[in-house]
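Take a look at the structure set out below.
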2 protein chains.
Amino acid sequence: MTFETEKRMNYTERDTYGMYNAYKGATSGGPGPELMGADTLVGNDVYNQKGEKLGDIKEVMLDMRSGRVAYAVLSFGGFLGMGEKLFAVPWNALTLDTATKSFKLNVDKDRLKTAPGFDKDHWPNMADATWAQSIHTYYGTKLYSDEPRH
Amino acid sequence: MTFETEKRMNYTERDTYGMYNAYKGATSGGPGPELMGADTLVGNDVYNQKGEKLGDIKEVMLDMRSGRVAYAVLSFGGFLGMGEKLFAVPWNALTLDTATKSFKLNVDKDRLKTAPGFDKDHWPNMADATWAQSIHTYYGTKLYSDEPRH
């Protein structure tokens with residue numbers, strides 16, 4: 001049995017504008033959960049399918065070429081000694097659970113030991129196709145086609 | 001002749017991780033400008049085609065259904081008495097000018113007077129198709145199809 005003493009964090013706590021006030025009893029309106037403010041997601045917890053906390057979101061990477069949300073940059077700090085590294089996780093590997101206001105990433109904690117990460121001070125060239133493919137191969141996701149922005 | 005006394009702001013100033021260090025003389029690497037960190041764009045200046053500052057980015061709205069970047073939420077504060085309102089601008093109406101590290105939005109200042117905005121404390125339901133169409137009609141952009149997330 002473990003005790004969760006770490007502070008939990010979700011997007012309603014970083015909602016400086018109150019865009020999610022509908023969650024708090026307002027009758028209607030607001031963009032969520034279909035549309036979410038990127039800035040409100042920074043710090044949001046990420047759990048796996050077993051309900052284990054994996055880490056939290058540090059950034060959301062936007063592909064300016066396609067207009068797509070490309071990656072969430074996660075920290076898996078707090079276990080495995082992985083606190084010094086960051087991990088780009090394909091956006092389509094993450095799902096938003098509005099009940100718990102957390103993201104789900106279906107990866108076992110053990111398997112994260114081999115996740116492709118990078119040093120906080122040395123971000124990869126995310127436009128590099130080889131790098132992108134290696135990330136998608138690891139998470140079993142498909143790289144969206146580089147369709148033109150319209 | 002006018003003097004710009006307002007502080008300019010671009011993504012390198014909000015780059016807490018140094019992801020754009022390649023701009024600052026590092027030899028290579030980093031995600032930008034093809035991929036940009038959503039959080040670093042908050043506060044970034046937006047100009048029009050005449051080089052007039054229109055406002056700045058307050059949020060970036062992600063469409064969780066399609067995985068697309070849907071809107072930038074802008075403040076046009078500082079002129080026209082529009083400081084109290086926010087404006088959702090289609091992401092595909094904005095282009096990133098990496099030379100000036102600013103976003104370009106081709107709208108005349110005068111025309112902004114009739115831009116569809118909302119009160120900071122009352123965000124619209126951005127999943128509403130009628131609302132979305134009204135925004136895209138105003139800016140002359142096309143609503144991306146609601147393709148399934150993959």
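Between Val73(B) and Leu86(B), the shortest heavy-atom distance links the atoms CG1-CB, 3.9 Å. Taking all atoms of both residues into account, the shortest heavy-atom contact from Lys104(B) to Ser102(B) is NZ-OG, 3.3 Å.
Of the two parts of Val42(A), only the side chain, counted from C-beta on, holds a non-hydrogen atom closer than 4.5 Å to a non-hydrogen atom of chain B. Interface residue Tyr71(A): only side-chain heavy atoms are found under 4.5 Å from chain B. Residue Thr40(A) touches chain B through both its backbone and its side chain, counting heavy-atom pairs closer than 4.5 Å.
The candidate from Val60(B), Leu41(B), Leu62(B), Val69(B) with the greatest count of non-hydrogen atom pairs under 4.5 Å with chain A is Leu62(B).
Using cut-offs of 30° and 60° on the angle between ring planes, the pair Tyr17(B) and Trp123(A) is tilted.
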### Task
Go through Tyr47(A) and Phe103(A) one step at a time and tell me if the ring pair (Phe, Tyr, Trp, His ring centres under 6.0 Å) criterion holds.
CA-CA 6 Å; Tyr47(A) 290 80; Phe103(A) 282 85; over 10 Å; no
